[in-house]
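Notes follow the structure.
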Amino acid sequence: MIGGTWQTSASARSWSFPVARIAAAMVVLPVFLQAPWVRLDPFSATLFTGVLIAAGLVLHQSRSQTASDLGSLLVGFSGSWLAGCIFWGWLRAHPVLHLPVEAFAVPVALGGLQGRWRLAATFYLSSLLGTACTDLAMAATGVMQFWPAVVTASLDQAPLLLHQAGLHLLQPLPMATLMIAAVLVMIVGRRLNPNNSNSDGDTGAMAAAVLITTLWVDGLFLLSALLQPGLSGLIE
């Protein structure tokens with residue numbers, strides 16, 4: 001689906017498509033790797049940030065454009081990874097701190113937008129925007145109230161609480177709010193499309209991929225909350 005969304009010229013396609021796909025994969029990765037790792041051992045998961053940065057710096061020096069781009073993405077991803085480890089490892093019961101913790105590297109990212117780390121900065125900022133949209137939607141639908149109870153509940157109680165949160169989102173007003181939020185994210189994604197004259201081409205495709213993938217991940221999270229709460233990364 002992602003590949004069919006951003007149609008570019010032949011010259012741009014060879015650059016932006018791999019980057020967009022890799023960036024999308026990096027959005028999904030924390031769900032399957034970081035979440036269980038942080039639950040098991042947040043300290044080692046946090047230390048892994050250094051591995052991501054080191055690998056990113058080495059790859060970024062490669063003569064291969066694809067490897068260099070991957071290195072840049074890894075550096076950007078390391079910022080999101082570190083913030084996620086800190087929050088979910090030690091602060092997860094305080095949802096009000098989620099966005100501030102995730103945004104810790106904003107000054108560095110903004111400074112990197114005009115230099116050689118443009119991809120890294122764009123990935124980090126796009127991920128942060130997706131996180132902000134998710135948190136705002138949770139607050140607007142009233143589901144944020146379930147968050148502290150879910151992440152601090154016992155193993156037998158947490159799935160039930162998470163399921164209740166999912167059912168809350170199926171009520172008419174919360175569901176309408178979610179639909180409006182999803183449409184707004186889709187509109188932003190389309191405006192970042194390289195076909196749009198207002199977009200920034202290569203980095204635009206990557207940013208759009210991150211936002212749209214975040215939307216899919218949120219949808220899958222809601223589905224898991226309703227059908228199999230134990231699969232959620234929120235539950236210990």
Item to check | Where Leu113 and Arg118 come nearest, the two heavy atoms and their spacing | outcome: O-CG, 3.2 Å

Checklist entry - Can you check side chain to side chain contact (heavy atoms under 4.5 Å, CB included) on Asp135 and Trp147, steps first, answer last? => result CA-CA 11 Å; Asp135 282 10; Trp147 184 328; 4.2 Å; yes

Checklist entry - Taking all non-hydrogen atoms of both residues, which atom of Met144 and which atom of Pro95 are closest, and how far apart? => result SD-CB, 3.5 Å

Checklist outcome for this item: dist Leu169:CG -> Thr177:OG1 (nearest 0.5 Å) comes out at 9.5 Å

Checklist entry - Aromatic rings Trp37 and Phe48: how do their planes relate, parallel, tilted or perpendicular, breaks at 30° and 60°? => result tilted

Next on the checklist: Using side-chain heavy atoms (C-beta onward) and a distance below 4.5 Å, is Arg190 in contact with Val185?
Outcome noted: no

Checklist entry - Side-chain heavy atoms under 4.5 angstrom apart, residues restricted to Ile, Leu, Val, Met, Phe, Trp, Tyr: same cluster for Val19 and Trp117? => result no

Next on the checklist: For residues Val108 and Leu119: do they belong to one hydrophobic cluster (side chain heavy atoms under 4.5 Å, members Ile, Leu, Val, Met, Phe, Trp, Tyr)?
Outcome noted: no

Checklist entry - If you round to the nearest 0.5 Å, how far is CG of Leu99 from CG of Leu136? => result 7.0 Å

Item to check | Nearest-0.5 Å distance, OG1 of residue Thr122 to CG of residue Leu192 | outcome: 10.0 Å

Next on the checklist: Please find the pair of heavy atoms, one from Ala109 and one from Tyr124, that lie closest to each other, and give the distance.
Outcome noted: CB-CD2, 3.6 Å

Item to check | Test item: Ser72 side-chain N/O and Ala120 main-chain N/O as donor-acceptor pair under 3.5 Å | outcome: yes

Checklist entry - Got Leu57 and Gln61 here, is their nearest side-chain heavy-atom distance under 4.5 Å? => result no

Item to check | Pair Gln34-Leu29, side chain to side chain contact (heavy atoms under 4.5 Å, CB included): steps then yes or no | outcome: CA-CA 7 Å; Gln34 186 181 30; Leu29 187 62; over 6 Å; no

Checklist entry - Met138 and Leu170: same hydrophobic cluster, using ILVMFWY side-chain contacts below 4.5 Å? => result yes

Checklist entry - Are the side chains of Thr134 and Leu215 in touch, meaning some heavy atoms are under 4.5 Å apart? => result no

Checklist entry - How long is the span from the CD atom in Glu102 to the CG atom in Leu129, to the nearest 0.5 Å? => result 12.5 Å

Checklist entry - Do the side chains of Pro148 and His94 get nearer than 4.5 Å, heavy atoms only? => result no

Checklist entry - Donor-acceptor pair, Ser68 side chain versus Ser64 backbone, under 3.5 Å? => result no

Item to check | Residues Thr46 and Trp81: side-chain donor-acceptor under 3.5 angstrom | outcome: no

Checklist entry - So with a 6.0 Å cut-off around CE of Met175, is the heavy-atom count from everything else above 12? => result yes

Next on the checklist: Would the distance check show the side chain of Thr213 and the main-chain N or O of Val210 forming a donor-acceptor pair, the cut-off being under 3.5 Å?
Outcome noted: no

Checklist entry - Between Phe77 and Pro30, is any pair of side-chain heavy atoms under 4.5 Å apart? => result yes

Item to check | Pair Val75-Phe123, side chain to side chain contact (heavy atoms under 4.5 Å, CB included): steps then yes or no | outcome: CA-CA 9 Å; Val75 171; Phe123 177 85; over 6 Å; no

Item to check | Any Leu110 side-chain heavy atom under 4.5 Å of Val106 side chain | outcome: yes

Next on the checklist: Hydrophobic clusters here meaning ILVMFWY residues chained together by side-chain heavy-atom distances under 4.5 Å, can you tell me if Val150 and Val96 are in one?
Outcome noted: yes

Item to check | Linked, directly or transitively: Val143 and Leu184 (ILVMFWY side chains, under 4.5 Å) | outcome: no

Item to check | Worked check of ring-ring contact (aromatic ring centres under 6.0 Å, His included) between His98 and Trp88 | outcome: CA-CA 9 Å; His98 186 215; Trp88 293 108; 5.7 Å; yes

Item to check | Non-hydrogen atoms of Thr49 and Ser78 that approach each other most closely | outcome: CG2-O, 3.7 Å

Checklist entry - Does the side chain of Leu73 reach to within under 4.5 Å of the side chain of Met206, using non-hydrogen atoms? => result yes

Checklist entry - Considering all heavy atoms of both residues, which atom of Ala137 and which atom of Leu178 are nearest to each other, and what is their separation? => result CB-CD2, 4.3 Å

Checklist entry - Rounded to the nearest 0.5 Å, what separation is found between the OG1 atom of Thr203 and the CG atom of Leu125? => result 11.0 Å

Next on the checklist: For Leu161 and Phe146: C-alpha separation, side-chain torsions, deciding distance, then whether side chain to side chain contact (heavy atoms under 4.5 Å, CB included) applies.
Outcome noted: CA-CA 7 Å; Leu161 290 172; Phe146 293 93; 5.6 Å; no

Next on the checklist: Please give me the minimum heavy-atom distance between Ala20 and Ala205, naming the atom from each residue.
Outcome noted: CB-O, 4.0 Å

Checklist entry - Are side-chain heavy atoms of Pro42 and Cys85 found at a separation under 4.5 Å? => result no

Checklist entry - Rounded to the nearest 0.5 Å, what separation is found between the CD atom of Gln145 and the NE2 atom of His168? => result 6.0 Å

